[in-house]
Every structure is written in C-alpha cells, then in structure tokens.
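We're numbering straight along the sequence, starting at 1.
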Amino acid sequence: QAQLVESGGGLVQPGGSLRLSCVASGYTLNYHDIAWFRQAPGKERERVSCGHLGDDTAYYADSVKGRFTFSRDNAKNTAYLQMTNLKREDTAVYYCATGFPGGRRVVPGTTCLYEYDYWGQGTQVAVSS
C-alpha cells in the first residue's frame with residue numbers, strides 16, 4: 001500500500017531551522033514529482049515547494065524563497081524540505097505529496113503539478129519564542 005510519512009516538525013524559535021522528511025513506502029519516488037504544501041489555521045493550503053522529475057530547479061513560493069530548500073534522495077525514497085531563518089508566519093502543518101507527472105499539466109511558472117496522487121498525514125511546525 002502506497003504511503004507517505006512526514007517527520008521533522010516541531011517547535012522552534014524565530015530564526016531557527018528544521019528539516020522535514022517525507023518517506024515513501026509501497027512505491028518508488030524515482031518516477032514521481034514531489035511537492036510540499038502547508039496549511040495554517042484558518043488559511044487555505046499553500047504550495048510551498050515543488051520538484052519536477054528531470055528538472056534540477058525547484059519551485060518555491062515567494063514567502064519561502066531563499067530560506068527553504070527542496071531536495072530528494074531517490075536511493076532512500078525520501079524527500080526533504082530544509083527550512084532556515086524560520087518566521088512566525090511559517091507556523092503550519094506541512095504536507096508532502098507525490099504525483100506521476102506523465103500527461104499531467106504543470107502550474108504555469110512553477111514546477112508543480114495541478115494534482116498529486118499521494119499525500120502524507122502532515123507534520124506540525126510551530127515557530128514561536
């Protein structure tokens with residue numbers, strides 16, 4: 001059974017760092033696009049970063065550009081989101097998602113798919129002093 005599990009969230013002070021991990025089981029990430037989303041209380045889900053298969057350049061939302069770094073390790077079937085210089089407004093539940101890109105449309109100006117097949121359960125990130 002296909003499954004995604006995020007980890008690495010927690011409570012951190014402003015300016016701190018966290019690295020989120022997203023481990024896939026039941027399938028291989030080698031042929032999938034991967035994305036990170038987040039949702040803060042009372043707000044809509046926001047696309048944070050997306051990695052498109054075969055493209056070394058990841059997309060980042062303007063709010064995280066220069067602070068977050070997307071990466072993937074296909075050998076470990078894992079994706080990562082390195083978050084630095086965290087701000088209070090980064091507080092949210094973070095989700096990873098994967099999707100097979102074949103035949104799917106990409107959001108213009110990004111490396112993100114419109115739809116993803118699998119979603120993790122989320123990991124809470126809280127930035128507070």
Side-chain angles (χ1 to χ4, degrees):
Q1 183 177 357
Q3 190 176 19
L4 285 175
V5 178
E6 302 99 335
S7 63
L11 175 64
V12 63
Q13 292 186 343
S17 300
L18 285 173
R19 187 177 79 157
L20 305 183
S21 299
C22 172
V23 180
S25 60
Y27 70 107
T28 177
L29 288 179
N30 291 28
Y31 306 108
H32 286 249
D33 283 12
I34 303 169
W36 287 94
F37 292 80
R38 68 184 181 186
Q39 188 164 21
K43 294 188 177 181
E44 293 187 356
R45 188 174 63 193
E46 176 187 13
R47 188 183 294 112
V48 176
S49 181
C50 306
H52 187 48
L53 190 66
D55 190 335
D56 291 336
T57 303
Y59 161 83
Y60 298 97
D62 287 342
S63 56
V64 307
K65 201 172 292 183
R67 300 187 297 120
F68 290 13
T69 304
F70 169 94
S71 64
R72 62 192 296 168
D73 186 337
N74 288 338
K76 295 183 177 180
N77 227 28
T78 301
Y80 303 97
L81 186 68
Q82 178 69 49
M83 306 186 296
T84 63
N85 191 21
L86 283 161
K87 304 177 181 180
R88 288 182 175 83
E89 51 264 41
D90 295 319
T91 295
V93 178
Y94 284 71
Y95 301 89
C96 65
T98 68
F100 184 70
R104 284 196 163 138
R105 293 186 303 151
V106 176
V107 177
T110 78
T111 52
C112 307
L113 303 177
Y114 276 105
E115 295 181 349
Y116 291 89
D117 302 308
Y118 303 113
W119 291 80
Q121 83 291 346
T123 184
Q124 176 72 54
V125 171
V127 184
S128 175
S129 55

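No chain of hydrophobic side-chain contacts below 4.5 Å, direct or via other Ile, Leu, Val, Met, Phe, Trp or Tyr residues, connects Leu18 to Tyr95. There is a path of hydrophobic side-chain contacts, each under 4.5 Å, that joins Tyr118 to Val48.
When side chains are defined from C-beta on, Arg72 does not count as touching Cys22, because their heavy atoms never get closer than 4.5 Å. With a 4.5 Å cut-off on side-chain heavy atoms, Val64 and Ser49 do not count as touching. Using a 4.5 Å cut-off on side-chain heavy atoms (C-beta onward), Cys96 and Leu4 make contact. The shortest side-chain heavy-atom distance between Ser71 and Gln82 does not fall under the 4.5 Å cut-off. Using a 4.5 Å heavy-atom cutoff, the side chains of Val106 and Leu113 are in contact.
Under the side-chain contact (heavy atoms from CB on, under 4.5 Å) test applied with Tyr80, the options Asp73, Ile34, Thr69 reduce to a single match, Asp73.
A salt bridge is defined here as a Lys NZ or Arg NE, NH1 or NH2 lying under 4.0 Å from an Asp or Glu carboxylate O, and Arg104 with Asp33 fails to meet this definition. With respect to the salt-bridge test (charged N to carboxylate O, under 4.0 angstrom), the residues Asp62 and Lys65 qualify.
Put simply, the side chain of Tyr27 never gets that close to the backbone of Ala24: no donor and acceptor are under 3.5 Å apart. Between the side chain of Tyr60 and the backbone N or O of Phe70, at least one donor-acceptor pair lies under 3.5 Å. At distances below 3.5 Å, at least one donor-acceptor pair connects side-chain atoms of Thr91 with backbone N or O atoms of Val127. In this structure, the side chain of Asn77 engages the main chain of Leu29 through a donor-acceptor pair within 3.5 Å. Judged by distance alone, with hydrogens and angles left aside, the side-chain atoms of Arg38 form no donor-acceptor pair with the main-chain N or O of Val125 at under 3.5 Å. Using modelled atom types, no side-chain atom of Ser21 and backbone atom of Glu6 make a donor-acceptor pair closer than 3.5 Å.
To the nearest 0.5 Å, atoms OG1 (Thr123) and CG (Leu81) are separated by 11.0 Å. Tyr94 OH to Asp90 CG: the interatomic distance, rounded to the nearest 0.5 Å, is 4.5 Å. Note that CH2 of Trp36 and CG of Leu20 are 5.0 Å apart. Values are rounded to the nearest 0.5 Å. Between the OG atom of Ser17 and the CZ atom of Phe68 there is a distance of 9.5 Å, given to the nearest 0.5 Å. Remark: Met83 CE to Arg19 CZ distance equals 11.5 Å, nearest 0.5 Å.
Across Gly99 and Asp117, no two heavy atoms sit closer than the pair CA-OD2, 3.3 Å. Closest of all the heavy-atom pairs between Gln124 and Ala92 is NE2-O, 3.3 Å. The heavy-atom pair separating Tyr59 from Cys112 by the smallest distance is CD2-SG, 3.4 Å. Summarising the geometry of Val12 relative to Leu86, their closest heavy-atom pair is CG1-CD1, 3.5 Å, with the distance given to 0.1 Å.
Taking the six-membered ring for Trp, Trp119 and Phe37 have ring centres closer than 6.0 Å.
Note on ring orientation: taking the six-membered ring where Trp is involved, the planes of His32 and Phe100 are perpendicular (angle over 60°, cut-offs 30° and 60°).
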